[in-house]
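Just follow the structure's listing: the first ligand is 1, and inside any ligand the first atom is 1.
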Amino acid sequence: MVGSKTVISALALSALAAAAPAPTKTTQFSINQVAVKKPAVHPAAKYAKALAKYGATVPDYVASAAASSQSGSATNTPIDGDEEYVTPVTAGDSTLNLDFDTGSADLWVYTSSTDGAPSDANYYTPSADAKKLSGYTWSISYGDGSSASGDVYKDTVVVGGVTATAQAVEAAETVSSEFSEDTGSDGLLGLAYSSINQVEPIAQKTFYFNVIDSLETPVFAVTLKHNEPGTYDFGFIDSSKYTGDLTYADINTSEGYWLFDVDGYSVEGGSSSSDSFEAIADTGTTLLMLSDDVVKAYYDQVSSAKHSILEGGYVFDCDATLPDLSLTINGYTATVPAEYLNYASVSDSLCYGGLQSAGLLGLNILGDVFLKSQYVVFNGEDNKIGFAPQ
Ligand SMILES: Cc1noc(C)c1CN(C)Cc1cc2n(n1)CCN(c1cc(N)ncn1)C2
């Protein structure tokens with residue numbers, strides 16, 4: 001998550017395990033089938049643009065046909081043992097693998113002159129029609145101490161075939177050391193509300209809120225998986241990606257996050273509570289960060305669990321049997337399987353918990369460890385969030 005002063009800590013753990021193999025996708029068509037690629041933007045948009053270019057009035061029926069028709073899907077790939085998930089994006093003349101982050105609202109990228117960029121970074125090259133916004137700057141800080149800053153372009157950005165024609169692309173001049181070591185990611189694409197975008201003097205829209213009115217349905221949906229590729233769907237809900245029905249909760253938009261009520265928790269074989277609390281859905285945070293009472297209730301069920309200053313959080317014997325953890329959201333029980341709550345090994349015998357204390361943050365964060373168990377629909381028109389088991 002990002003805030004004007006401090007943002008939140010993501011994981012303090014060093015990267016582990018090799019990155020998941022880049023996804024390969026081949027589609028076989030029988031001889032008499034030809035893939036007719038659906039245009040990213042409705043052809044009426046080209047007609048509307050031509051009319052407008054030569055000063056003619058664009059009839060409403062042309063404008064509306066042009067305006068509500070985009071949808072598409074992009075593949076995300078976990079890197080560093082599910083520490084983060086990167087998704088290919090076309091920005092200007094470049095293809096970049098960005099960390100899609102529902103906990104922040106800035107799309108920022110490396111350039112050939114970024115100070116501190118990781119050695120393997122792909123750089124943003126503005127397109128010929130890009131515009132550098134004179135006098136505009138950005139600066140963002142995340143609670144783990146990482147930060148980045150630079151200047152701003154307007155350019156075309158395409159995700160899964162969905163096109164934003166005048167997207168603010170924030171070029172990093174400087175990034176902190178945490179990002180210099182973050183090989184595999186070429187920057188971030190914020191998917192929180194635009195109210196927490198950090199561009200000055202005028203905040204800019206996120207990619208999703210730039211395209212929302214042109215989407216078939218005003219939503220995006222996330223499938224994050226454990227150690228295998230998943231998807232970001234824009235403009236449609238894919239019922240093949242979840243079981244049962246979606247359960248929706250209302251979003252409190254006042255903080256700019258996807259913030260909603262969790263009505264309680266239950267630890268498998270342990271205690272439960274129906275005291276509700278607020279939490280954010282945050283794809284940019286690796287772990288599940290909850291209040292100390294939940295964390296204590298959970299690790300009370302793990303005899304070898306301890307809070308280790310040395311290891312920077314709750315650890316336990318790697319062969320420990322862990323309980324599942326369930327959160328109740330508007331009558332729906334979202335269960336995080338024990339497998340995801342053993343996040344990574346930190347020594348021969350000690351493992352690091354996927355559940356850690358949000359204690360100092362003052363906010364509960366449902367990060368990737370939680371999101372990996374769900375198909376999550378983000379609706380920025382009705383300000384609702386939907387969950388179903390994946
Ligand atoms: C990815 C990642 N996540 O934890 C770490 C550490 C990394 C990798 N690390 C080497 C570099 C790094 C640090 C951050 N990121 N990447 C992504 C944005 N950050 C967020 C986003 C957000 N929604 N909330 C909090 N911080 C901080």
Side-chain angles (χ1 to χ4, degrees), residues 1-17 19-20 76-87 89 96-110 114 116-121 138-150 170 172 174-193 196-198 206 208 222 224 232 255-259 279-290 311-313 343-344 346 352 354 356-358 360-372 376 378:
M1 69 177 236
V2 63
S4 49
K5 297 181 186 60
T6 59
V7 185
I8 259 352
S9 65
L11 179 68
L13 195 69
S14 62
L16 296 142
N76 62 57
T77 303
I79 58 176
D80 298 334
D82 293 1
E83 180 177 46
E84 66 181 295
Y85 294 75
V86 292
T87 305
V89 168
L96 307 172
N97 298 308
L98 301 184
D99 178 1
F100 283 26
D101 180 10
T102 58
S104 66
D106 288 66
L107 193 170
W108 67 259
V109 295
Y110 298 115
T114 300
S119 54
D120 70 334
W138 62 281
S139 178
I140 196 163
S141 62
Y142 302 98
D144 67 333
S146 61
S147 60
S149 62
E170 303 170 32
T174 309
V175 298
S176 63
S177 59
E178 293 84 356
F179 290 108
S180 309
E181 296 136 30
D182 190 12
T183 52
S185 168
D186 299 324
L188 261 78
L189 186 143
L191 290 168
Y193 285 82
I196 56 172
N197 174 267
Q198 302 289 299
T206 64
Y208 167 62
V222 183
L224 299 182
Y232 279 92
E255 304 281 323
Y257 303 119
W258 295 93
L259 179 65
I280 67 171
D282 184 358
T283 56
T285 289
T286 309
L287 301 178
L288 174 55
M289 323 273 278
L290 297 177
E311 300 297 353
Y343 175 68
V346 287
Y352 192 85
Q356 296 293 336
S357 170
L360 303 179
L361 304 182
L363 189 69
N364 300 294
I365 302 182
L366 309 189
D368 302 340
V369 160
F370 172 84
L371 298 171
K372 279 185 266 194
V376 187
F378 296 76

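Contact annotation for Asp80 and ligand 1: no heavy atom of the residue comes within less than 4.0 Å of the ligand. Counting heavy atoms closer than 4.0 Å to ligand 1, residue Leu188 contributes side-chain atoms (C-beta onward) but none from N, CA, C or O. With a heavy-atom cut-off of 4.0 Å, Ile365 does not touch ligand 1 at all.
The N/O atoms of Asp99, backbone and side chain alike, include none that comes under 3.5 Å of an N/O atom in ligand 1. For Asp282, a nitrogen or oxygen atom sits less than 3.5 Å from a nitrogen or oxygen atom of ligand 1, counting backbone and side chain alike. Between Asp101 and ligand 1, an N or O atom pair is found at a separation short of 3.5 Å.
Panel note: side chain Thr183, backbone Pro118; no donor-acceptor pair is recorded below 3.5 Å.
Near Thr286, with a cut-off below 4.0 Å to any heavy atom, the atoms of ligand 1 are 3 (N), 4 (O). Under a 4.0 Å criterion applied to the non-hydrogen atoms of Gly284, ligand 1 contributes the atoms 20 (C), 21 (C), 22 (C), 23 (N), 24 (N).
Under the side chain to side chain contact (heavy atoms under 4.5 Å, CB included) test applied with Leu96, the options Asp186, Thr87, Val86 reduce to a single match, Asp186.
For the atom pair CG of Leu361 and CD of Gln356, the computed distance is 11.5 Å after rounding to the nearest 0.5 Å. From Lys372, atom NZ reaches atom CG of Asp82 across 3.5 Å, with rounding to the nearest 0.5 Å. Taken to the nearest 0.5 Å, the OH atom of Tyr85 stands 8.5 Å off from the OG1 atom of Thr286.
Between Tyr142 and Phe179, the two ring planes are perpendicular [angle over 60°; tilted spans 30° to 60°]. Between Trp108 and Trp138, the ring-plane angle classifies as parallel under the 30° and 60° cut-offs.
Not a single heavy atom of Glu181 sits less than 4.0 Å from an atom of ligand 1. Contact between Ser146 and ligand 1 is present, with at least one heavy atom of the residue lying under 4.0 Å from the ligand.
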